[in-house]
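Since the structure is predicted, the reported quantities are computational estimates derived from the model, not experimental observations. Per chain, numbering begins at 1; letters A, B, ... match sequence-line order. Every heavy atom of this structure was used, including side-chain atoms; hydrogens, water molecules and symmetry mates were not.
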There are 2 protein chains.
Amino acid sequence: MPRRVDHAERRTEIAEALVRVAGRRGLHAVGMRDVAAEAGVSLRLVQYYFETKEKLLLFGLEHLTGKFGERLSARMRAAGDAPGPRATVEALLTTALPTDEESRTFHHLYTSYAVLAVTDRTLAAQPFIRNPDAAEGAVTDILRQAQAAGLLQPGVDAQLAAAGLLAMSAGLGTSILVGQRTPESAAAVLDDHLNRVFRTVDTDG
Amino acid sequence: MPRRVDHAERRTEIAEALVRVAGRRGLHAVGMRDVAAEAGVSLRLVQYYFETKEKLLLFGLEHLTGKFGERLSARMRAAGDAPGPRATVEALLTTALPTDEESRTFHHLYTSYAVLAVTDRTLAAQPFIRNPDAAEGAVTDILRQAQAAGLLQPGVDAQLAAAGLLAMSAGLGTSILVGQRTPESAAAVLDDHLNRVFRTVDTDG
DNA sequence: AACATCATGATACGTTCGTACCACGAAACC
DNA sequence: GGTTTCGTGGTACGAACGTATCATGATGTT
């Protein structure tokens with residue numbers, strides 16, 4: 001045989017090529033040949049590592065969400081040192097906004113997959129549809145802890161507030177994506193809303 | 001010639017067929033032949049009334065947003081009789097949620113078009129991308145009036161609050177669409193948020 | 001050294017899609 | 001009443017796409 005090649009690594013490379021080209025031209029416009037060209041391999045190789053296009057797309061989605069999850073937890077870790085729960089939540093939510101090219105691509109493709117999931121039961125069964133629930137649980141926990149520490153405005157329901165925050169963040173992300181809104185104004189909207197959930201910090205002591 | 005036929009009406013019929021079939025199978029999966037079959041006409045006719053597929057899609061988008069705008073203003077008018085600004089805003093936002101089949105289709109296709117608009121400059125230039133700004137202006141106005149009447153919580157910025165409300169509503173809509181959330185829980189989240197914007201009505205006097 | 005197997009290339013096949021072409025009947029207009 | 005124009009049908013064409021097939025070199029294994 002030829003030198004044994006790392007299949008997992010190769011599949012990752014191809015999946016990243018898929019994400020790149022789909023980010024540029026749209027998921028609907030990407031074919032096997034485009035992915036092959038972007039990855040610098042032959043069409044046959046894409047077929048070899050992913051037998052069918054559906055499997056390629058599925059793996060591409062896994063890769064996309066995996067990469068984004070890493071990015072998100074990295075930012076959370078970085079922001080989780082000093083500051084309070086508000087900074088943590090804010091870091092989480094602004095990371096989810098399409099500010100740079102990477103997060104733009106993520107939002108774009110994630111939304112594309114979501115749309116496909118409406119009519120494709122295989123995609124609908126994919127965990128990426130369940131993952132936001134995990135994020136919602138995480139935010140709810142943070143809010144609950146903050147509430148126990150007396151950091152929230154009175155009368156806030158942690159779970160409802162968490163769901164609202166994530167939904168707003170997602171909606172703002174789409175607005176940015178289609179050019180309706182700048183990342184700065186979206187951040188301002190988010191910040192304003194956080195002021196209505198968190199007790200305003202008195203910086204003057 | 002044969003009997004002169006109402007072009008506008010015919011185009012509307014075909015556009016509605018497009019919306020129906022795209023709502024069922026997804027916008028990405030719909031072809032000219034599918035639209036023709038759904039409308040009960042020949043492929044040639046679809047070509048005749050819309051020379052190209054792009055024009056058909058564009059007109060379909062116009063029709064979609066037009067119909068939804070009518071539905072929305074109808075609900076606003078119905079809800080605009082007795083109650084205060086909160087009821088008006090709530091009616092506007094819950095109308096935007098994909099609760100019944102019609103609004104589900106609207107959300108589904110609207111999001112599909114939005115995704116396409118990311119990579120298609122013709123679609124990106126379409127007014128449907130600007131319309132939300134109009135909605136935002138309307139909500140902002142209502143909130144400003146409510147604020148002048150002392151109906152809002154203190155410290156609320158009308159414009160930021162309006163943007164946040166619409167973004168949240170859109171995000172919740174997507175959640176419902178992909179089955180992450182029930183319409184009821186989405187409405188609860190929205191209601192909770194409105195309680196943080198509007199002064200709570202004292203029903204007991 | 002022989003052989004089985006893995007990795008890769010080139011290319012062909014069948015389908016589908018958007019569009020174009022050709023044809024023809026029917027009504028409006030001069 | 002002839003002719004032009006509108007509406008409609010059928011069908012063909014070229015491209016692209018996903019997939020399958022055939023071929024072959026390289027490398028482990030025995």
[X] [atom1] - [N] [atom2] separation (whole Å):
{"X": "A/Arg11", "N": "C/dA7", "atom1": "CZ", "atom2": "C1'", "value": "15 Å"}
{"X": "A/Leu43", "N": "C/dT11", "atom1": "CG", "atom2": "C1'", "value": "10 Å"}
{"X": "B/Leu56", "N": "C/dG18", "atom1": "CG", "atom2": "P", "value": "10 Å"}

Q | Non-neighbouring partners of A/Gln145 that pass side-chain contact (heavy atoms from CB on, under 4.5 Å), sequence neighbours left out | A |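 Result, side-chain contact (heavy atoms from CB on, under 4.5 Å) vs A/Gln145: none returned.
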
**Q.** Results of side-chain contact (heavy atoms from CB on, under 4.5 Å) for A/Ala96 - residues two or more places apart only
**A.**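 A/Ala96: side-chain contact (heavy atoms from CB on, under 4.5 Å) contacts with A/Ser169.
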
Q | Within residues 151-163 of chain A or reaching into it, pairs that qualify as side-chain hydrogen bond (donor to acceptor under 3.5 Å, both in side chains) - sequence neighbours excluded | A |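 Applying side-chain hydrogen bond (donor to acceptor under 3.5 Å, both in side chains) to every pair that reaches into residues 151-163 of chain A, excluding sequence neighbours, yields nothing.
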
Q: Pull out every residue in residues 12-34 of chain B that has a heavy atom closer than 4.0 Å to any atom of DNA chain D, ordered by number, or say none.
A: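 Going residue by residue through residues 12-34 of chain B, the ones with a heavy atom under 4.0 Å of DNA chain D turn out to be B/Arg33.
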
Q: Sequence neighbours left out, what passes side chain to side chain donor-acceptor pair (under 3.5 Å) with B/Asp191? Give chain and number order.
A: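 Partners of B/Asp191 by the side chain to side chain donor-acceptor pair (under 3.5 Å) criterion, ordered by chain and then number, come out as B/Arg86.
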
Q) Considering residues at least two apart in sequence or located in another chain, which fulfil the side chain to side chain donor-acceptor pair (under 3.5 Å) criterion with B/Arg196? A)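 Result, side chain to side chain donor-acceptor pair (under 3.5 Å) vs B/Arg196: B/Asp192.
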
Q: Check salt bridge (Lys or Arg N to Asp or Glu O under 4.0 Å) between A/Asp141 and all other residues, then give those that pass, not counting sequence neighbours.
A: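 With sequence neighbours excluded, A/Asp141 shows a salt bridge (Lys or Arg N to Asp or Glu O under 4.0 Å) to no residue whatsoever.
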
Please set out all donor-acceptor pairs under 3.5 angstrom arising from side-chain atoms of residues 13-27 of chain B, sequence neighbours excluded.
residue : atom : partner : partner atom : Å
B/Glu16 : OE2  : B/His63 : NE2          : 3.3
B/Glu16 : OE2  : B/Lys67 : NZ           : 3.2
B/Arg20 : NE   : B/Glu38 : OE2          : 2.8
B/Arg24 : NH2  : B/Glu38 : OE1          : 2.6
B/Arg25 : NH2  : B/Asp34 : OD1          : 2.8

Result block: side-chain N/O donor-acceptor pairs under 3.5 angstrom for residues 115-123 of chain B, not counting sequence neighbours:
residue  : atom : partner  : partner atom : Å
B/Thr119 : OG1  : B/Leu116 : O            : 3.4
B/Asp120 : OD1  : B/Thr122 : N            : 2.8
B/Asp120 : OD1  : B/Leu123 : N            : 3.2

Q. Near DNA chain C, which residues from residues 110-123 of chain A have a heavy atom under 4.0 Å away?
A.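 By residue number: none to list.
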
**Q.** Residues from residues 44-54 of chain B lying under 4.0 Å of DNA chain C - heavy atoms
**A.**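 Contacts with DNA chain C under 4.0 Å: B/Arg44, B/Gln47, B/Thr52, B/Lys53.
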
(Q) So, does B/His7 get its side chain near the phosphate of D/dC6, meaning an N or O under 4.0 Å from OP1 or OP2? (A)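 So the side-chain polar atoms of B/His7 never come under 4.0 Å of the phosphate oxygens OP1 or OP2 of D/dC6.
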
Q) Closer than 4.0 Å, any side-chain N/O of B/Ser42 to the OP1 or OP2 of D/dT8? A)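 Checking D/dT8 against B/Ser42, no side-chain N or O comes under 4.0 Å of OP1 or OP2.
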
Q) Should the ring pair B/Phe106 and B/Phe68 be called parallel, tilted or perpendicular, given that the plane angle runs from 0 to 90° and is split at 30 and 60? A)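 Plane angle under 30°, so parallel.
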
Q) Pairs in or reaching into residues 111-143 of chain A: which pass ring-ring contact (aromatic ring centres under 6.0 Å, His included), with residues at least two apart or in two chains? A)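 Applying ring-ring contact (aromatic ring centres under 6.0 Å, His included) to every pair that reaches into residues 111-143 of chain A, excluding sequence neighbours, yields A/Tyr110-A/Phe128.
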
Q) Only one of A/Arg11, A/Lys53, A/Met32 forms a side-chain contact (heavy atoms from CB on, under 4.5 Å) with A/Val46, so which one is it? A)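 Single side-chain contact (heavy atoms from CB on, under 4.5 Å) partner of A/Val46 among A/Arg11, A/Lys53, A/Met32: A/Met32.
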
